[in-house]
Amino acid sequence: MSRKVPQEEYEKTVSYRLKRWLEGTKDPFLNTVEMRPQKEFEEDEQTVRAREKDRKRNAEKVYDLERNAEIRIFRKVYRVFSVLFCVFLVMMLLTAVSWLPAVGEADRPVNNEVSKRYIENGLQETGAVNIVTGMILDYRAFDTLGESHVLFVATCTVLILLRLDGKKDPERFDANDRLHEPKNDVILQTVAKILVPPIFIFGIYIILAGHLGPGGGFSGGAVIGAGLILYLNAFGFAKTERFFTAKTYRRTSFCALACYSLCKSYSFFTGANHIESVIPLGKPGAILSSGLILILNICVGIVVAGTMYTFYVMFRKGEY
Amino acid sequence: MESLESAYGILFTGVLIVLAALILLCLLRAIIGPRTADRIVAANMMGTMVIVMIAILTVKLGEGYLADICLIYAMISFLAVIVLTKVYMGVYLEKKEKDEKAAASRNREETTGDGQTQDGSAQSLQDGSSGEEVSDGNI
Amino acid sequence: MEIFEWVRFLAGAAFLLAGVVIFLIEMAGVFRFRYVLNRMHAAAMGDTLGIGFCLLGLIVMNGLNVTSLKLFLVIVFLWFSSPVSSHLIARLEVTTNEDGEKQYQVKNLDQEPQESGGKEEL
């Protein structure tokens with residue numbers, strides 16, 4: 001709509017056409033394709049009846065399991081073969097395991113100089129008291145980058161498969177199976193109000209203390225996700241969507257993963273070109289130490305928390 | 001001190017063995033228990049006993065960070081009870097409503113044959129539908 | 001001081017063994033009662049008092065440091081959350097029991113009257 005120019009003239013301008021194209025409401029075939037005026041498609045009764053009869057007969061023949069000889073034979077053969085296949089797999093795996101070397105022998109390929117170097121120089125080179133965190137977020141941070149992206153892709157897959165759009169699929173969306181569940185339990189709500197903030201604080205503590213003790217991004221993110229699920233169960237979807245919606249999840253996950261990638265690219269760049277990275281390692285045992293591990297832990301924790309909550313909501317409601 | 005160390009060791013080992021036996025008994029309860037609530041209760045109990053075992057290991061090995069695991073276990077078992085009870089109640093109430101609707105429609109089909117009992121069937125339908133309401137304030 | 005160490009050990013061991021005894025009583029109760037709600041009541045005993053004594057004993061044995069604080073936080077969290085678990089399980093049992101009238105008496109199942117008339121969107 002335009003106030004300066006009447007509607008018909010406005011519809012001929014470039015800006016209107018651009019806006020329609022951006023929104024997707026533009027009809028792509030208008031004024032470009034010649035079409036003859038169309039008639040309604042009518043079928044006479046006889047063809048319709050014949051087609052329905054054929055379809056029914058085919059369906060009966062395929063799905064009539066009592067009289068279908070192929071399916072009966074297949075069932076019996078399938079059972080025997082599945083058992084044999086499982087036994088074969090188990091035997092193969094057991095044989096492979098029996099060829100493994102015993103634990104702890106000195107001249108086996110597992111005990112090589114890589115693990116020695118990690119254990120001896122780990123604290124000094126990464127600055128993290130917890131060697132495992134130092135390894136997964138400093139020596140082998142590329143693997144962790146792949147893992148975080150795998151989490152994100154898994155969430156996207158679940159969203160594609162399970163998401164119900166209220167506008168396009170109103171029947172399936174309304175027929176939810178949560179009509180009969182108990183709602184608004186006063187006891188649960190009171191206790192959830194008291195317990196959820198400490199759970200969040202505990203999760204944040206686990207994430208931040210990842211390089212000082214066991215923990216790190218993955219377990220801390222799981223605890224924060226559990227706190228969100230508790231809040232959701234106590235108060236309902238409407239109240240939780242006040243602060244955590246799909247938009248929130250998208251933005252936080254994207255920012256966290258982008259930040260992770262940028263930090264790690266900096267490390268790769270300085271490492272590959274033999275430049276000294278200026279990030280100080282700090283004193284081992286302090287919170288602000290070990291270089292970039294703190295930031296990476298936080299990013300991973302954010303992604304994991306959002307993922308856990310998204311999975312739960314997708315399986316319960318289908319949209320959020 | 002030698003004897004003190006060995007005393008600690010014996011005490012902790014004994015308690016751990018007893019708790020392990022109790023956990024197996026909980027599992028038995030979970031398998032036997034005829035109702036759903038029995039099984040949820042058994043799972044909760046198992047979680048509690050595992051928390052005690054991990055706390056004993058914390059003190060025995062002297063590692064402070066294992067106490068975080070106890071806290072996480074407590075949270076997760078609590079969350080499990082909440083979600084399970086909610087889902088089971090929903091499933092049960094939905095099944096009950098479906099059964100009652102099927103029974104009501106069957107009653108209606110049977111009694112529409114003879115027209116005399118139609119008032120009686122309408123009465124029984126009303127009673128059936130009022131029993132379906134969740135708020136049982138009359139009890 | 002030697003005596004102090006021994007006193008600490010004995011006090012901690014007393015608490016710990018009291019906790020284990022409570023767990024044993026709880027198991028006996030869970031297996032011997034006839035009805036579900038009684039069994040659930042027996043199980044709640046272990047969640048609160050049993051674990052309270054056990055962890056108190058461990059705190060005494062450990063002395064005063066951060067680990068003891070964490071164990072104390074476990075006790076606090078469990079004492080907040082265990083009654084809610086019992087309440088939810090009891091509600092589940094009362095709703096799904098077919099012959100409930102023979103076993104117990106229910107006064108009022110819902111906490112607040114549903115005046116809004118419809119099922120609120122959850």
Side-chain angles (χ1 to χ4, degrees), chain B residues 1 3-4 7-8 11-12 14-15 18-19 21-22 25-26 28-29 32-38 40-42 44-45 47-49 51-52 55-56 58-59 62-68 70-71 73-75 77-82 84-86 88-89 92-93 96 133-137 139, chain C residues 2 5-6 9 12-13 16-17 19-20 23-24 26-27 30-31 36-37 39-40 42-44 46-47 50-51 54-55 57-59 61-62 65-71 73-74 77-78 80-82 84-86 88-93 95-97 105-110 112-114 119:
Chain B
M1 276 206 20
S3 59
L4 196 60
Y8 268 118
L11 172 71
F12 286 148
V15 170
V18 168
L19 279 175
L22 287 181
L25 283 179
C26 276
L28 188 66
R29 179 85 244 164
I32 287 181
R35 308 200 47 88
T36 312
D38 275 328
I40 301 180
V41 156
N44 207 9
M45 273 199 298
T48 306
M49 287 182 197
I51 293 175
V52 175
I56 292 179
T58 314
V59 174
E63 316 274 3
Y65 49 83
L66 292 176
D68 297 341
C70 295
L71 207 41
Y73 242 92
M75 282 178 207
S77 78
F78 176 48
L79 198 64
V81 166
I82 292 179
L84 278 175
T85 51
K86 197 181 212 291
Y88 279 132
M89 271 220 266
Y92 178 79
L93 287 174
K96 198 166 87 156
E133 284 173 23
V134 178
S135 63
D136 304 335
I139 295 184
Chain C
E2 249 181 59
E5 297 288 325
W6 274 102
F9 170 72
L16 191 59
L17 287 175
V20 172
F23 273 123
L24 283 168
E26 171 203 352
M27 282 318 272
V30 161
F31 272 95
V36 184
L37 287 177
R39 290 198 280 258
M40 185 208 76
D47 267 353
I51 201 171
C54 284
L55 291 185
L58 289 173
I59 289 176
M61 280 197 229
N62 207 6
N65 51 7
V66 183
T67 313
S68 304
L69 179 68
K70 286 188 201 163
L71 290 176
L73 281 177
V74 172
F77 184 88
L78 271 175
F80 264 114
S81 72
S82 169
V84 179
S85 306
S86 306
L88 290 170
I89 298 179
R91 214 163 61 139
L92 165 76
E93 173 57 30
T95 325
T96 61
N97 207 350
Q105 212 179 11
V106 178
K107 277 213 283 210
N108 192 3
L109 185 56
D110 282 329
E112 48 202 20
Q114 297 199 347
K119 315 232 189 277

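The basis for the numbers below is simple: all heavy atoms, side chains too, and nothing from hydrogens, waters or symmetry mates. In this text, all values refer to a predicted model and were calculated from it rather than measured experimentally. Chain A is the first sequence line, chain B the second, and so forth, proteins listed ahead of strands; every chain is numbered from 1.
The heavy-atom pair separating C:G46 from B:T48 by the smallest distance is O-CG2, 4.2 Å. B:N44 approaches C:S85 most closely through the heavy-atom pair ND2-CB, 3.9 Å. Here the closest non-hydrogen pair linking B:Y92 and C:T95 is CE2-O, 3.4 Å. The minimum heavy-atom distance between B:L25 and C:F31, with the atom names listed, is O-CZ, 3.3 Å. When every heavy atom of B:L22 is checked against every heavy atom of C:M27, the shortest pair comes out as CD2-CG, 3.3 Å. Considering every non-hydrogen atom in both C:W6 and B:S3, the closest pair reads CZ2-OG, 3.6 Å.
Heavy-atom pairs under 4.5 Å with chain B peak, among C:D47, C:L78, C:L17, at C:D47. Annotation: maximal heavy-atom pairing with chain B below 4.5 Å, among C:R39, C:E2, C:M40, occurs at C:R39. Highest contact tally toward chain B, considering only C:L71, C:V36, C:N65, C:V84, is held by C:V36 [criterion: heavy-atom pairs under 4.5 Å]. For the options C:L58, C:V20, C:L55, heavy-atom pairs under 4.5 Å to chain B are most numerous at C:L58.
Shown here are the salt bridge (charged side-chain N to carboxylate O under 4.0 Å, His left out) partners of B:D68, two or more places apart in sequence or in another chain: C:K70. In this view, C:E93 and B:R35 satisfy the salt bridge (charged side-chain N to carboxylate O under 4.0 Å, His left out) rule, not counting sequence neighbours.
In this structure, the portions of B:Y88 lying under 4.5 Å from any heavy atom of chain C include both its backbone and its side chain. Residue contact with chain C, scored on non-hydrogen atoms closer than 4.5 Å, involves the backbone and the side chain of B:A7 alike. With a 4.5 angstrom heavy-atom cutoff, C:N97 touches chain B via backbone and side-chain atoms both. Looking at B:F12, only its side chain comes within 4.5 Å of chain C, counting heavy atoms on both sides. For chain C, no part of B:L66 is nearby; none of its heavy atoms comes within less than 4.5 Å. Proximity to chain C (any heavy atom under 4.5 Å) is shown, for B:T85, by both the backbone and the side chain. Residue B:L71 touches chain C through both its backbone and its side chain, counting heavy-atom pairs closer than 4.5 Å. Proximity to chain C (any heavy atom under 4.5 Å) is shown, for B:L84, by neither the backbone nor the side chain.
Note that CG of B:L11 and CG of C:L16 are 5.5 Å apart. Values are rounded to the nearest 0.5 Å. We find the CG-CE distance between C:L92 and B:M89 to be 6.0 Å, quoted to the nearest 0.5 Å. Here the straight-line distance linking atom CZ of B:F78 with atom CZ of C:F80 works out to 11.0 Å at 0.5 Å rounding.
Side-chain contact between B:I51 and C:V74 is present, with at least one heavy-atom pair separated by less than 4.5 Å. A 4.5 Å side-chain heavy-atom check between C:F23 and B:V52 finds at least one atom pair inside the cut-off. Counting heavy atoms from C-beta on, the side chains of B:T36 and C:T96 never come closer than 4.5 Å.
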